[in-house]
Amino acid sequence: MGYLDELNESQRVAVEHIYGPSMVIAGAGSGKTRVLTYRIAHMVEQGIDPHNIMALTFTNKAAKEMSERIGKIVGGSEAKSITMGTFHSVFSRILRYNADRIGFPNNFTIYDTQDSKSLIKDIIKEFSLDDKTYKPSGVFGRISSAKNNLISPEAYINNTDIQAEDRMSRRPELGRIYAQYANRCQRAGAMDFDDLLYFTNVLLSTQPEVLHYYQQKFKYILVDEYQDTNYAQYLIVKKLAAAYENLCVVGDDAQSIYSFRGANIENILNFRKDYPDFSLFKLEQNYRSSQNIVDAANSVIKRNQDQIQKSVWTHNGKGNPISIVRTLTDNEEGRVIANKIYDLKQSKVPDYNAFAILYRTNKQSRSFEEALRKLNIPYKIYGGLSFYQRKEIKDVLAYFRLTANPNDEEALKRVINYPKRGIGKTSIENIIISAGSHGVSMWDVIQNLQQYPADITNSTKQKLYEFVTMIRSFQAEMLKVDAYTLAEHITRSTGILRELVEEKEKGPEEVERLQNVEELLAGIQEFVKTSEEEELKTLPDFLLDVSLLTDADQEKTEDRNHVSLMTIHSSKGLEYPHVYIVGMEENLFPSQLSMSSKSDLEEERRLFYVALTRAMETCTLSYTGSRFVWNQSIRCEPSRFLDEIDASFVHHETPMRSQQGRSLMGGMDRSFTGGLNVSLKQPSLPRSLKSLSNLPNSPSQGSDFQDIKVGTNVEHSRFGKGKVTHLDGNGADKKAVIFFPHHGAKTVLLKFANLVVLPD
DNA sequence: GCGACTTCCATTTTT
DNA sequence: TGGAAGTCGC
């Protein structure tokens, strides 16, 4: 068994231990995925039937990768027999077979977050509640965490603690909203993401024979990223594993970063209570990062109090210290990082895949996009608005969903009047009212207006009739033709395709929308082609796949020579030779919302730990003195996390600037008095050196902007060319009113405006 | 019922 | 800033 030789001692022991409960605590970069895949491969080699193995991962991508790697060792068909995927995808499949036992149709649709919020909004309106106290996202969060903790609407309403909390936050109706939300979802035959777990638990607790079946089927269970499981996931796993207790969980408490969505770090700690005779394996040797990076990350994470003791170490070379870069503005931050990547690529790095820019929030990507584009550096943004959340895609998918499950109200609301067919807001509201009073779905109402009368004009009734007929015609085809044929038919006969083609002339955005829909169709065609033998892949089959897919799963391996931009959250599990962690500022990272509680701050610190440990060779941290937020520039202070890295592992790159630096440094003097900032101890550099610093296109700062007078023609990075009409203030506060032909008059602070003076 | 217009509000991470 | 919701006139 050659593959065992590729493991170190502690990895091998973990791989060879197959029976009974076990927990693998895997430090960052310690070969966790390798252990997991080899363990499964080893099980199969030992004669365990792959049908009896269930492996739960955090992302679809991780599952796919693992499956491929296992296939290489034990063969593809064996690997395919393993049940492998995210909690959500695996359990949604189980529910497909069993949902009818718990009051849902087996063809239930899955509501995404947008659908959920839109439904909640409806309910708030229906109850005539103030939508400022009852904000849809807040209500959604509350319902979500109730479900993650397996609290039913009834339990919610009867729980005195919860009711007290809701009264405290002056939202006593939350329980009623939750109950109505659950009701409406059921009527629509829809489950949201949390329901996939919640109702799996309901299924397993109320249907003993189902539980028994899956206990016998999944005799061996593996769970990856165990630190990020929530209570519902914990209990489901516990139930399924109860018969054989061949349960292996893998995780790293130091990388738990999803408590905001109910992840419960206690699950790791509780493991020893549930399985007192469990075996514990620790993987502590890091193969990924240089010594400096490992040490720096350790020096940060040791400040957390809540953690399992372990010491991550490496045999790798010392490497470079962690670089810390300071810039004046967020735009400059983008340029500096882009230039660094450019330089490194020119001098020693063969391709762009080696680079990743990691940030705390998606919106930070903008300045990096711009800067990379200017230097013609290929890049790809992960996360953010996903392909499947684009309006045009959601519209098309809504037709698919409606075809598969006409009771799906969110889908119905979305397309009942798209493309425009003269069914307006008032009619839709009256349909909802009628549906509510009869306790049926909107679809029931519109296809049977005699039985469920609604206040609707005759001409609208005719249009509704045509709509119903159209959807029914799709349904008639649904199981007869493959997904692509039907999807293509739907985009044509609904008029969506025609509309998009017509609008194409309007501009590049419209062209893109058409391309997106074409891409979706191409994707469905791919999907249909993957079918084996006689199998017909239908539209419902496709929907099952698509609702739980994210952008990361889409990636094609060909176009891979690009810099990766993503949030730290989505970087988990990945690694890059050169990592740039940007926006290292107080209130951004750590996020403002995390500052109030110690546990939230510890989670932010773990997030920082995750970010640092993505890096293999070099790691650069950057922060900026000011940032554009809501159309105005705000001052930023360096993140406390910068101080938390042991000073011997860092190198501060940016020299202090002599003049304007001071006014912008703001709180820096305070936070750096620990003597960490080496450059503070050096004499300030003379201003002439500034031009030698690595700041590309450095704005004309430090001067009194004497070259900018009333009447001067200037160019602004966002507004384009304009003429100065007024000047006000002095020095750092000097402002100008500039008239831009395309944007009108704007007042800008010269020190931030990055104006380029144009010849008269 | 529809489109043009104004106003208001956000601002963390995601299966 | 920019997206979403609300208002108004046709």
Side-chain angles (χ1 to χ4, degrees), chain A residues 56-63 85-92 110-114 116-118 121 125 131-132 135-138 140-141 144 147-148 191-198 225 228-230 232-233 256-263 330 358-364 366 382-386 388-389 391 416-430 456-457 459-460 463 547-553 566-572 583 587-595 600 603-604 606-608 610-611 627-634 718-719 743 746:
Chain A
L56 299 169
T57 61
F58 199 65
T59 61
N60 295 302
K61 199 174 152 202
T86 61
F87 276 89
H88 291 85
S89 71
V90 168
F91 294 131
S92 72
I110 296 173
Y111 277 180
D112 67 14
T113 312
Q114 255 182 63
S116 299
K117 285 183 184 166
S118 140
K121 224 168 143 187
K125 208 166 162 192
D131 62 357
K132 292 211 169 68
K135 285 187 193 141
S137 55
F140 176 70
S144 170
K147 286 184 188 164
N148 286 155
M191 296 199 195
D192 65 20
F193 287 135
D194 302 313
D195 286 334
L196 295 175
L197 304 175
Y198 179 88
E225 309 281 11
D228 286 325
T229 52
N230 60 34
Q233 292 165 324
S256 161
I257 54 175
Y258 281 100
S259 75
F260 71 91
R261 77 176 206 219
D330 47 355
L358 309 181
Y359 34 76
R360 178 67 233 269
T361 64
N362 276 310
K363 65 175 179 211
Q364 284 165 259
R366 210 209 71 242
Y382 293 81
L385 225 215
S386 109
Y388 297 104
Q389 286 168 21
K391 184 191 173 304
I416 192 171
N417 196 32
Y418 174 81
K420 297 248 158 352
R421 51 175 71 88
I423 303 170
K425 260 186 297 191
T426 340
S427 301
I428 295 171
E429 253 165 48
N430 287 330
I456 290 170
T457 64
S459 73
T460 308
K463 290 165 188 157
S547 21
L548 294 170
L549 231 50
T550 57
D551 267 12
D553 312 314
M566 65 183 85
T567 62
I568 301 169
H569 278 87
S570 40
S571 77
K572 196 165 79 157
N587 297 326
L588 185 59
F589 191 24
S591 137
Q592 193 161 22
L593 290 122
S594 72
M595 304 266 207
D600 285 357
E603 177 147 319
E604 293 283 305
R606 290 193 294 270
L607 194 55
F608 185 40
V610 168
R627 196 169 276 288
F628 247 80
V629 189
W630 321 314
N631 201 22
Q632 56 176 337
S633 158
I634 56 152
R718 276 210 316 281
F719 303 132
H743 298 87
K746 302 272 177 194

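Values below: every heavy atom of this structure, side chains too, minus hydrogens, waters and symmetry copies. A, B, ... follow the sequence lines: proteins, then strands. Residue 1 opens every chain.
The local environment of NZ in A:K125 is sparse, with at most 12 non-hydrogen atoms from other residues, nucleotides or ligands closer than 6.0 Å.
Side-chain nitrogen and oxygen atoms of A:T567 include at least one within less than 4.0 Å of the OP1 or OP2 phosphate oxygen of B:dT14. Considering only side-chain N and O atoms, A:S594 lies nowhere under 4.0 angstrom from the phosphate OP1 or OP2 of B:dT12. The shortest distance between the side-chain N/O atoms of A:N230 and the OP1/OP2 oxygens of B:dT15 is not below 4.0 Å. At B:dT13, one or more side-chain N or O atoms of A:N362 fall inside 4.0 Å of OP1 or OP2 (strictly under the cut-off). Considering only side-chain N and O atoms, A:K121 lies under 4.0 angstrom from the phosphate OP1 or OP2 of C:dA5.
Atom pair A:H88:NE2 and B:dT15:C1' shows a separation of 4 Å (rounding to whole Å applied). Remark: P of B:dT14 and CG of A:N60 are 15 Å apart, rounded to the nearest angstrom. For A:M191 and B:dT15, the CE to C1' distance is 16 Å, given to the nearest whole Å. Regarding A:K135, its NZ atom lies at a distance of 9 Å from the C1' atom of B:dC9, rounded to whole Å. The interatomic distance linking A:Y382 (OH) with B:dT15 (P) rounds to 14 Å, in whole Å. Atom C1' of nucleotide B:dT12 and atom CZ of A:F140 are separated by 15 Å, given to the nearest angstrom. In this entry the distance linking CD1 of A:I416 with P of B:dC2 reads 12 Å, nearest Å. For A:K117 and C:dG3, the NZ to P distance is 17 Å, given to the nearest whole Å.
To the nearest whole angstrom, the two C1' atoms, one in B:dT13 and one in C:dA4, are 23 Å apart.
Put simply, the side chain of A:E604 never gets that close to the backbone of A:S594: no donor and acceptor are under 3.5 Å apart. For A:N148 (side chain) and A:A232 (main-chain N/O), no donor-acceptor pair under 3.5 Å exists by modelled atom type. Between the side chain of A:Q233 and the backbone N or O of A:N230, at least one donor-acceptor pair lies under 3.5 Å.
Evaluation of the side chain to side chain contact (heavy atoms under 4.5 Å, CB included) rule for A:K121 yields A:P136 as partners, not counting sequence neighbours. Partners of A:T361 according to the side-chain hydrogen bond (donor to acceptor under 3.5 Å, both in side chains) rule, which considers only residues two or more places apart in sequence or in another chain, are A:Q364.
Applying the side chain to side chain contact (heavy atoms under 4.5 Å, CB included) test between A:K572 and each of A:L607, A:T59, A:T567, A:V610 identifies A:V610 as the sole match.
Comparing B:dT14, B:dT12, B:dG3 by their closest approach to the side chain of A:E604 singles out B:dT12. Of the candidate nucleotides B:dG3, B:dT15, B:dT14, B:dG3 has the atom lying nearest to any side-chain atom of A:K420. Nearest to the side chain of A:R261, among B:dG3, B:dA10, B:dT14, sits B:dT14.
For the pair A:E225/A:Y258, no side-chain contact is recorded, criterion being any heavy-atom separation below 4.5 Å from C-beta on. Two residues are said to be in side-chain contact when any heavy atoms from C-beta on lie closer than 4.5 Å; A:Y388 and A:D112 fail this criterion.
Aromatic stacking of A:Y258 on B:dT13: not satisfied for centres closer than 5.5 Å together with planes under 30 degrees.
Using a 4.0 Å heavy-atom distance criterion, A:K463 is classed as making no nucleic acid contact. A:F87 comes within 4.0 angstrom of no nucleic acid atom, judged by non-hydrogen atoms across all strands. Across all strands shown, A:N417 has heavy atoms under 4.0 Å from sugar-phosphate atoms exclusively, and none from any base.
Residue-to-nucleotide contacts include a donor-acceptor pair under 3.5 Å from the side chain of A:R360 to the base of B:dT13.
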Quick one: which protein N/O atoms are closer than 3.5 Å to N/O atoms of nucleotides 6-10 of chain C? Pair and distance per line, please.
none

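Between A:T361 and A:T113, it is A:T361 whose nearest contact on DNA chain B lies nearer the 5' terminus. Along DNA chain B, the nucleotide closest to A:L607 and the one closest to A:S427 are compared, and the more 5′ of them pairs with A:S427.
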